[in-house]
Amino acid sequence: MEFVLYEVKDAVGIITINRPQALNALNSQVLDELDEVFSNVDLNTVRCLVLTGAGEKSFVAGADIAEMSTLTKAEGEAFGKKGNDVFRKIETFPIPVIAAVNGFALGGGCEISMSCDIRLCSDNAVFGQPEVGLGITPGFGGTQRLARLVGTGMAKQLIYTARNIKAPEALRIGLVNQVVSAELDEAGNQVKSAQENLLATAEKMAATIAANAPIAVRNCKKAINDGLEVDMDKAIVIEEKLFGDCFETEDQRAGMGNFLEKDKEKKLKVVPFKNR
Ligand code: CO8
């Protein structure tokens, strides 16, 4: 692959969009490669993913403006669908995906981060939906996911004004879960850059998630995602079914067994997912 890197550390997969010469902008090839990487994640061994961008400056500076500049209406719609299909795949991917947003997350960059389950960002991150300034609407789910994440009024304000916001404001409005700065030692010397610390924080969170019961974690993601699309009466039925689905699994037996046996480490002795 030319533009997407994939690395596995224990049960955590790290996907890096690697097109720094264009600030990791999403062209068709990047979208195709992302689709392929997600299709090839070994779900028997990997339990959580981290998605990030190469370099310190940019997570993803949007869809590729040069590629989009000459599209016809039909081609524009098809390009939107291409991105939406990949982003929906991320959103509904069986295991959690953490976006580690290092720098610019504009347009399609903000949108791909919103298709992830959790967003962590470095303190130099900049979010925005600048599309109306380019004569288009957000086209990779921004009009839908931003409103769901930060509320209709704030989403409309950000999208209509095309104003970029910095990490502290993104945190304040609930667009990101956490802002990560450089790690300093007691003397104030930098131990890790914000980018390094961001990745370390994301990997640590992913490892924590990966150490929990995998069937339960998957069912939580599905329950939250599917439940948000229906009314509460239907939503609690979705939860009941996924809750029930956990029983008689090794996850549940081991998880509750550890508690009852007063296992000091309280570590889940869960089997690989394929042995379910
Ligand atoms: N597309 C293509 N190339 C890009 C993009 C992009 N989105 N962003 C940056 N680049 C390229 C630049 O052209 C430049 O290339 P070169 O060195 O060959 O000239 C290189 O990356 C470095 O960029 P800059 O020199 O501009 O770097 P600066 O530090 O001066 O500025 C910015 C950084 C502020 C991030 C600036 O690059 C910028 O404004 N980029 C565009 C941001 C943007 O508007 N993004 C939204 C795009 S629209 C979108 O994402 C819609 C998604 C839905 C699509 C639906 C399709 C139907």
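Note that the structure is predicted; figures quoted are calculated from it, not measured. In listed order, ligands and their atoms are each counted from 1.
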Legend entry - Heavy atoms from other residues, nucleotides or ligands near CZ of F247 exceed 12 (cutoff 6.0 Å): yes

Legend entry - Part of L71 with heavy atoms under 4.0 Å of ligand 1, whether side chain, backbone, both or neither: neither

Legend entry - Proximity of Q21 to ligand 1 by residue part, where a heavy atom lies under 4.0 Å: backbone

Inset, instruction - Taking atom NZ of K89 as the centre, report whether more than 12 heavy atoms of other residues, nucleotides or ligands fall under 6.0 Å from it. - result: yes

Inset, instruction - Compute whether any side-chain donor of one residue and acceptor of the other, for N124 and S122, lie under 3.5 angstrom apart. - result: yes

Inset, instruction - Give the residue and atom name of whichever protein heavy atom lies nearest to atom 56 (C) of ligand 1, and the separation in Å to one decimal. - result: F79 CD2, 3.4 Å

Legend entry - Given T201, I15, L199, the one that forms side-chain contact (heavy atoms from CB on, under 4.5 Å) with V50: L199

Legend entry - Same apolar cluster (I L V M F W Y, side chains within < 4.5 Å links), L134/M68: yes

Inset, instruction - For A22, take its heavy atoms, then give the atoms of ligand 1 lying under 4.0 Å from any of them. - result: 4 (C), 9 (C), 10 (N), 11 (C), 21 (O)

Inset, instruction - Flag atom 54 (C) of ligand 1 as yes if some protein heavy-atom distance to it falls below 4.0 Å, otherwise no. - result: yes

Legend entry - Closest to atom 47 (C) of ligand 1 (judged by heavy-atom distance), picking from L106, L134, L23: L134

Inset, instruction - Return a yes/no value: protein heavy atom under 4.0 Å from atom 18 (O) of ligand 1? - result: no

Legend entry - K57: numbered ligand 1 atoms lying under 4.0 Å from its heavy atoms: 27 (O), 28 (P), 29 (O)

Legend entry - For E131 against G108, the heavy-atom pair lying closest together: OE2-N, 4.1 Å

Inset, instruction - Kindly compute the distance separating CG (N24) from CG (N102), expressed to the nearest 0.5 Å. - result: 7.5 Å

Legend entry - Protein residue, atom and distance nearest to atom 51 (C) of ligand 1, heavy-atom basis: E131 OE2, 3.3 Å

Inset, instruction - Look up atom 23 (O) of ligand 1 and tell me if a protein heavy atom lies less than 4.0 Å from it? - result: yes

Legend entry - Within 6.0 angstrom of E248 CD, more than 12 heavy atoms from elsewhere: no

Legend entry - Best match, G108, A25, G107, A61: closest heavy atom to atom 45 (N) of ligand 1: A61

Legend entry - ligand 1 atoms in contact with D64 (distance to a heavy atom under 4.0 Å): 1 (N), 2 (C)

Legend entry - Side-chain donor/acceptor of E239 to backbone N/O of A223, under 3.5 Å: no

Legend entry - Distance from atom 57 (C) of ligand 1 to nearest protein heavy atom, with residue and atom: G76 O, 3.1 Å

Inset, instruction - May I ask you to decide whether D85 forms a salt bridge with K81, counting only side-chain N to carboxylate O separations under 4.0 Å? - result: yes

Legend entry - Verify atom 43 (C) of ligand 1: protein non-hydrogen atom under 4.0 angstrom away: yes

Inset, instruction - Could you check atom 1 (N) of ligand 1 against the protein and tell me its nearest heavy-atom contact, residue, atom and distance included? - result: I65 N, 2.9 Å

Inset, instruction - State, to 0.1 Å, how close V4 and V30 come at their nearest heavy-atom pair, and which atoms those are. - result: CG2-O, 4.1 Å

Inset, instruction - Output yes when the distance from some N or O of ligand 1 to some N or O of P130 is under 3.5 Å, and no in every other case. - result: no

Inset, instruction - Would you confirm whether any non-hydrogen atom of the protein falls under 4.0 Å from atom 13 (O) of ligand 1? - result: no

Inset, instruction - Check whether more than 12 heavy atoms from other residues, nucleotides or ligands sit under 6.0 Å from atom CD of E77, and answer yes or no. - result: no

Legend entry - Verify atom 29 (O) of ligand 1: protein non-hydrogen atom under 4.0 angstrom away: yes

Inset, instruction - Quick one: closest heavy-atom pair of D123 and A182, and the distance? - result: OD2-N, 4.3 Å

Inset, instruction - Indicate whether atom 7 (N) of ligand 1 is within a distance of less than 4.0 angstrom of some protein heavy atom. - result: yes

Inset, instruction - Take atom 39 (O) of ligand 1 and look for protein heavy atoms under 4.0 Å from it; say yes if you find one, no if not. - result: no

Legend entry - Atoms of ligand 1 close to E111 [distance to a heavy atom under 4.0 angstrom, numbered from 1]: 52 (C), 53 (C)

Legend entry - Atom indices of ligand 1, in the order listed, that fall short of 4.0 Å to a heavy atom of G139: 53 (C), 55 (C)

Inset, instruction - May I ask you to identify, for F104, whether its side chain, its backbone, both or neither come under 4.0 Å of ligand 1 on a heavy-atom basis? - result: side chain

Inset, instruction - Taking the side chain as every heavy atom from C-beta outward, state whether R172 and I165 have any pair of such atoms under 4.5 Å apart. - result: no

Legend entry - Element-labelled atoms of ligand 1 that are located less than 4.0 Å from some non-hydrogen atom of M68: 48 (S), 54 (C), 56 (C)

